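Presented below is the structure to which this report refers.
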Amino acid sequence: MSAHTDTYDPKVNYLNTDWSIKSWLLTLDHKRIAWLYLVSISGFFVLGGIFALLIRLELLTPQGDLLSPDGYNRVFTQHGVLMIFLFLIPSIPAVLGNFLVPLMCGAIDVAFPRLNLASWYIYTIGGILIVIALITGGVDTGWTFYTPLSSTYANSQVMFVALGVFIAGFSSILTGLNFLVTIHTMRAPGLTWGRLPLFLWGTYATSLINVLGTPVVAITIGLVGAERTLGLGIFDPALGGDPVLFQHLFWFYSHPAVYIMILPAFGVISELISAFSRKRVFGYSFIAASSVGIAVLGFIVWAHHLFTTGMSVYAATVFSALTMLIAVPTAVKMINWTTTMYQGAVKWDTPMLYAVGFLGLFLIGGLTGVMLATLGIDIHVHDTYFVVAHFHYVMVGGAIMGFLGGLHFWWPKMTGRLYPESFSKVSAVLIFVGFNATFFPQFILGYMGMPRRYHAYPEEFQVLNIFSTAGASILGVGYLLPLVYFTWSIVAGKKAPENPWGAMGLEWRIPSPPPTENFVKEPVITDAYDYEHEILKEQIEEIARDEAAAVPSTA
Amino acid sequence: MIELIKGYLPNILDNLPLLPEQASTIAAEVDLLTLAWTAISFVSGTIVVAVALYFGIRYRRRYATQVGGHETHAPAVEIVSMLIPFVACMAMFVWGTKVFVDMRRIPPDAVEYFAFGKQWMWKIQHPNGLREINDFTIPVDTPIKLTMTSEDVIHSFFIPAFRVKQDVLPGRYTTMWFEATELGEFHLFCAEYCGSEHSYMGGTVTVLSQEDYQDFLNQESPERGSPVSGGRELFTSLACVTCHQEADNARGPSLRGVYGREVQLASGTSVVVDDAYLRESIVNPRAKMRSGYMPLMPTFEGQVTEEQLHDLVSYIKTLDNTNDVAANDDDSSDDSHDSETATSVSAGG
């Protein structure tokens, strides 16, 4: 570092180099763009959370008394649209991915910094269009936009929302492209594919799906628009179309989109468990390969959403079998994460609480996924609360636990500040307990036969719905806490050291927060999980210190 | 089992049932499958969580120098972590597919009912033409085949107590079957989100004993004739009969005995004539043209309602090679009543 002292001022970092609004809105720094995304997705998360709250309050009683039927339909549709397209899909890739991909690659930025900023603007335009739709009447088609309801029958702001989703999709495509090119071309010398941190493997697999899958949903939305505005018969049988075709096209993207949400979380969890066990992640190549395997398999299972449409028995059988195969790479990950802790030095800091919470929730999400892949069970539970519970376990229990775990882990690096550990532990426990209390009863509700998207329901379902709503209030408090203490920590948190967790990744070898150029000198690539040699080094240093201390006393 | 547990618990289980009633032949099969996987999940999930927690607690707050087990992987662990889920899931796949095939294989002796879904009601038609709205009265221990179509958006016919569900699509027929084993009243839901009043699109399935069902049929006089007699009237009034004659040089193929037969198409393939094919050939005659005929038939799309289509299909199904149509029609007494509706239809057609 001495060679750089003339140009490098350790007091200046990417955050305090320029505080003007312009410097933020026109920044090309991937770390600042990560912040732009973090602020936007947090806003949409709060909005989507308010809709979730309204859903749970309405379902407290069997009668539809809080909201009108149309009001309720808008609320659950908007909850889904906001949470999926504007929160979950960009959450880990666009926030943590933007911040970490260049740092973990040992690069100064992503491959196309201007495109990266443009992606955020594209996402924002899509988000604004969706918000305009909410203000001017909302949308009531369900986030799945099934035809011909969405194309011919719905009277709400379908086109605004569809256009918003269409535009926001390009942000995913461009961000995915940016990451793929960055990971391929900008790795520092010595960072071979076999040394790539598992977060990058997760991001890489996600980016593949973004680039290959998102155009399909863009085309599908375009076709719905063409039918709605021009009357072209594509999906509505009254115009000569096929309503099931829409479901095939929609799920061809939207099933892989589930993996867009969960694969980056897998990457985060791999980093967390290794760092907090102070041990090399077990089965590195199996975890990396299983991410890519899930991304590939994810493209050939879409029709398991269509088992009740009356599709042929043969097609249903093939899709059921292919779906079952996804259990294999998923189980590989679970077992390897668990084994990583074996003989480690486990620290139960907040990020580790989230990681272990993730293991528990994702386990339930995965095991119930097998039930849904089983044809004989799916027919009964399809479109019931069983499915609602399952995908919340995967996407909230999985993706959001991963996102929050990652945010707590890298927060000191992003902000240079520490958050209060006691509050964050309380919030992790509240989220875990509240989540289970909210969504576990919904498995039973679904099996009992309560269909999803119901505004009113028969009285015998009320007890379980009360459990669920009570759990949601705990969950809500759990989500509010980080919003408060993270904001507080930016202002008043203790200064974070370079490497508060003793982790091995490249990003922990530069100051917190990092300088704008990331690496002041050429990064030296070492194994990102080489705790064994790190520990040896510590031992040698310790012995050296002891010897040094011993010398004067004998003199 | 659940009854046994209930005996020892306070009344809360009455308000908190864990399984819905088993009221059809398939219900117990589905529940057994579900309970089997729940048991597997419980055992394997408990093991994974217990091991993770054990490692997490056993190896907590140790000095870095105590860390061991630096292997990058262990073949035995990886093989086990792939093999066990693979075998378990394939077993579930095979078993689940067997149950699914049972759900989809309609018994040949099933009694045929018809259902129309529309925003936001179910219209049921009994074989004798009796109609119910949002209520579905059926006899116990009788296999029932339900052919369904939607007049607008996609709906889904769901009877939780029977563990059956089938989407109801506009523009085509879908079918399902079930056999009720318990007397009583059960929920009928629409499971596919269909717009404003989706939550209220449902009703009650009432299962009656065979005798009570006969009484029910006798008490409720059909407001219109049987689908077959209605279809016969339409067949004449829509002038179908001018082309679909017996003669070899007729412009359209004879429909006598065509149902259930495999016929050659102009495209070179063949198709088995079923309800869906007959319906499609009326609304979209050129979709699957019979070989040897000119594409002369006009489309009846928009000119006949779904109910009239169902009538026509029901009538065509009764035409067989041997004898007169009337002989197959068990409801000929309704003919006079029916001609009025038929006339009004022909005006529209």
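These numbers were taken from a predicted model, which means no experiment stands behind them. The sequence lines fix the lettering, A, B, ..., with proteins before strands; numbering per chain opens at 1.
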- line: If one checks every heavy atom of B:R172 against chain A at 4.5 Å, the contacting part turns out to be side chain

- prompt: Is any residue of residues 154-162 of chain B within less than 4.5 Å of chain A by heavy atoms, and which ones?
  reply: B:I154, B:F158, B:P160

field: Contacting region of B:M148 [heavy-atom separation from chain A under 4.5 Å]
entry: neither

Separation of B:E192 CD from A:H382 NE2 (nearest 0.5 Å): 6.0 Å

field: chain B contact via A:L363 - which portion, at a heavy-atom distance below 4.5 Å
entry: side chain

message: Suppose a student defines contact as a heavy atom less than 4.5 Å from any heavy atom of chain A. Which residues in residues 75-82 of chain B would they list?
response: B:V77, B:E78, B:S81, B:M82

query: According to the ring pair (Phe, Tyr, Trp, His ring centres under 6.0 Å) rule, which pairs have a member within residues 306-335 of chain A, sequence neighbours left out?
result: A:W302-A:F319

field: Contacting region of A:T384 [heavy-atom separation from chain B under 4.5 Å]
entry: side chain

message: Taking side chain as everything from C-beta outward and backbone as N, CA, C, O, which of these in A:F282 sits under 4.5 Å from a heavy atom of chain B? Side chain, backbone, both or neither.
response: both

query: At a heavy-atom separation under 4.5 Å, does A:S285 approach chain B through its side chain, its backbone, both, or neither?
result: neither

query: When you look at B:D167 and A:T309, which way does the side-chain hydrogen bond (donor to acceptor under 3.5 Å, both in side chains) test go after all the steps?
result: CA-CA 5 Å; B:D167 289 2; A:T309 56; 5.3 Å; no

- prompt: Which bit of A:F443 is near chain B, if near means a heavy-atom gap under 4.5 Å: side chain, backbone, both or neither?
  reply: neither

- request: Check each atom of A:A373 against the heavy atoms of chain B and say whether the ones under 4.5 Å are side chain, backbone, both or neither.
  value: neither

query: Passes side-chain hydrogen bond (donor to acceptor under 3.5 Å, both in side chains), B:D31 versus A:Y447? Steps please.
result: CA-CA 10 Å; B:D31 288 351; A:Y447 203 80; 2.5 Å; yes

query: Which answer fits A:Y342, side chain, backbone, both or neither, if we ask what part of it has an atom under 4.5 Å from a heavy atom of chain B?
result: both

field: Part of B:S41 lying under 4.5 Å from any heavy atom of chain A
entry: both

- line: The side-chain hydrogen bond (donor to acceptor under 3.5 Å, both in side chains) partners of A:Y454 (sequence neighbours excluded) come to none

statement: Okay, B:R104 and chain A: the region with an atom under 4.5 Å from a heavy atom over there is side chain

- prompt: How are the rings of A:F461 and B:H187 set to each other: parallel, tilted or perpendicular (split at 30° and 60°)?
  reply: tilted

